[in-house]
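For reference, the structure discussed in these notes is given below.
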Amino acid sequence: MRTLHTSSRLNKQQVFPAAYYRGGTSRAVIFKKQDLPEPESWPSIFRGVINSPDPNGRQLDGMGGGISSLSKICVVGPSSRDDADVDYTFAAIGVKTPEVDFSSNCGNMISAIGPFAVNAGLVQKEDGNCTIRIHNTNTGKIIHSRFPVEDGEAKVNGSFAIDGVAGTGAKIELAFIDPAGSKTGKTLPTGNKVDIFDGIRTSCIDVGNPCVFVQASSLDVEGGILADAIDAHADLLPRLDSIRCQAAVAMGIAESLDAVPGSIPKIAMVAAPYTHKLISGETVAESDCDLLVRAISVGQPHRAVPITVSMALAVASRLEGSIVKEVTTSSPVDKDGVTIGHNSGKLLVGASFDDNGVVKEATVFRTARRIMEGKVYVD
């Protein structure tokens, strides 16, 4: 008779309270800062939660979704500033790489931070419309999140729809206060409205996040090219990343090409609007938007558009001499801002300026939803 022996020491997993939220067209695991150990240990914990890196690109062993917009972590805690209610730290997690990038902000997930703060008891608000002042620690900027509260929690149901997300929800207004110069301190980090990298004309703008814009036509692709076609293109993504990295150095974000972070600057192709198809197969008419954008986020084509990219676009579209202004229609679809066409539909973004032309506020509207609350386990 043989005896089977097992180890008497159990290989226990780490466990942390967490929530899972959709914010805009992204999803993320959200932690209370008080439930995490010191920040030095965050990268290894976050990689374990999301399942990064995954050479298969699927993140089946974690909470990630295999694309950059679904491979995110947020940490929310008491505010370190008098002009905010909570601090919010964002981490972009690599899908196939082990990168945990704290250098950027995520505008889509900001739409979930106010509701999370109320639902998690970090901020107390009475029923009705409320405003949560959010301090993004990545950029040092303040965002005002306005949304309805019902029975002591953020209201979820509503009639507002955003392209790229099925169904409707309660409207969340996000006002980004003084968004210019989020990382570089300047709206035009290079001092130029047009810079040339690899022989391609670009405009480098820092509003919400540092961004590099190129015209799709200069890369010999259609402005309405879909995300899968960008992925399948023989050399488009490497060309865009080469431009992005050179722009990062010129913008002062990195000292060398090797030191450029994966999440900033963002890079996006822009084009004049024309009738084209979306990922869903629906058709958008030329008259429905003011310009087209195809954004790249952490090396992957975005299925919609990052909110911070849309903010930079809204400013660039009004900046005489920029390559974005060149392809923006002269008569806007909506008087309240610029209507941007993306892979999944349209997005209206407003921007207000002071008498000196400085951006005072950028405004977008999103929805968010709490999907899960509980415990997340990490090996």
Side-chain angles (χ1 to χ4, degrees), residues 24-25 69 108 161-166 193-194 196 198-205 207 211-237 239-240 243-244 266-297 300-351 362 364-365:
T25 54
S69 59
N108 271 295
I162 60 174
D163 289 333
V165 177
K193 294 178 180 178
V194 175
I196 297 177
D198 287 345
I200 303 297
R201 297 171 66 243
T202 73
S203 288
C204 300
I205 308 289
V207 175
C211 296
V212 187
F213 298 113
V214 302
Q215 291 182 1
S217 59
S218 67
L219 295 167
D220 299 320
V221 297
E222 294 184 349
I225 185 173
L226 294 179
D228 287 344
I230 295 174
D231 257 332
H233 196 283
D235 63 355
L236 184 56
L237 286 174
R239 289 183 68 190
L240 287 169
I243 294 169
R244 187 187 76 86
K266 307 291 187 186
I267 189 163
M269 298 182 292
V270 296
Y274 66 94
T275 301
H276 64 286
K277 286 190 175 182
L278 304 175
I279 289 175
S280 65
E282 297 177 278
T283 298
V284 174
E286 178 180 344
S287 59
D288 287 342
C289 48
D290 300 318
L291 78 158
L292 301 181
V293 63
R294 294 297 184 261
I296 310 302
S297 180
Q300 294 182 319
H302 203 285
R303 264 55 184 174
V305 59
I307 292 300
T308 50
V309 173
S310 70
M311 291 161 49
L313 269 176
V315 172
S317 69
R318 297 175 60 175
L319 185 62
E320 291 291 345
S322 77
I323 65 107
V324 178
K325 175 68 173 178
E326 292 175 0
V327 297
T328 304
T329 57
S330 56
S331 299
V333 173
D334 191 308
K335 62 180 178 60
D336 290 332
V338 57
T339 302
I340 299 167
H342 54 78
N343 267 285
S344 298
K346 307 183 300 293
L347 173 67
L348 175 66
V349 186
V364 296
F365 299 91

Please check if the side chain of [X] supplies one atom and the backbone of [Y] the other of a donor-acceptor pair under 3.5 Å.
X: Ser203; Y: Lys193; answer: yes
X: Tyr274; Y: Leu292; answer: no
X: Asn343; Y: Ile279; answer: no
X: Ser322; Y: Ala316; answer: yes
X: Thr25; Y: Gly164; answer: no
X: Asp163; Y: Lys346; answer: yes
X: Thr202; Y: Val214; answer: no

Considering all heavy atoms, the nearest [X]-[Y] contact:
X: His302; Y: Ser297; result: CD2-CB, 4.0 Å
X: Ala271; Y: Val327; result: C-CB, 3.8 Å
X: Pro273; Y: Cys289; result: CG-O, 3.5 Å
X: Val309; Y: Ala268; result: CG1-CB, 4.2 Å
X: Ser317; Y: Thr328; result: CB-OG1, 3.6 Å
X: Ile230; Y: Pro301; result: CG2-CG, 3.6 Å

Nearest 0.5 Å, what's the [atom1]-[atom2] distance between [X] and [Y]?
X: Arg294; Y: Leu240; atom1: CZ; atom2: CG; answer: 13.0 Å
X: Arg239; Y: Leu219; atom1: CZ; atom2: CG; answer: 5.0 Å
X: Ile307; Y: Phe365; atom1: CD1; atom2: CZ; answer: 11.5 Å
X: Ile200; Y: Ser218; atom1: CD1; atom2: OG; answer: 4.5 Å
X: Thr283; Y: Asp288; atom1: OG1; atom2: CG; answer: 10.5 Å
X: Leu348; Y: Ile340; atom1: CG; atom2: CD1; answer: 8.5 Å

If we only count heavy atoms from C-beta on, is the [X] to [Y] side-chain gap below 4.5 Å?
X: Ser310; Y: Val364; value: yes
X: Leu319; Y: Lys325; value: no
X: His276; Y: Val284; value: yes

**Q.** Step-by-step salt bridge (charged side-chain N to carboxylate O under 4.0 Å, His left out) determination, Asp228 to Arg303
**A.** CA-CA 9 Å; Asp228 287 344; Arg303 264 55 184 174; 2.8 Å; yes

Q) Run the side-chain contact (heavy atoms from CB on, under 4.5 Å) check on Val293 and Met269 step by step: do they pass? A) CA-CA 6 Å; Val293 63; Met269 298 182 292; over 6 Å; no

Q. Should we count CD of Glu326 as having more than 12 external heavy atoms under 6.0 Å?
A.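 Correct, the count exceeds 12.
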
Q.
Please determine whether side-chain contact (heavy atoms from CB on, under 4.5 Å) holds for the pair Val349 and Leu313, giving the CA-CA distance in whole Å, both sets of side-chain angles, and the decisive distance to 0.1 Å.
A. CA-CA 9 Å; Val349 186; Leu313 269 176; over 6 Å; no

Q: Could you walk me through whether Val270 and Ile323 pass the side-chain contact (heavy atoms from CB on, under 4.5 Å) test, one step at a time?
A: CA-CA 8 Å; Val270 296; Ile323 65 107; 3.8 Å; yes

Q: State whether a side-chain donor-acceptor pair under 3.5 Å links Asp290 with Thr329.
A: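 Yes, Thr329 and Asp290 have a side-chain donor paired with an acceptor closer than 3.5 Å.
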
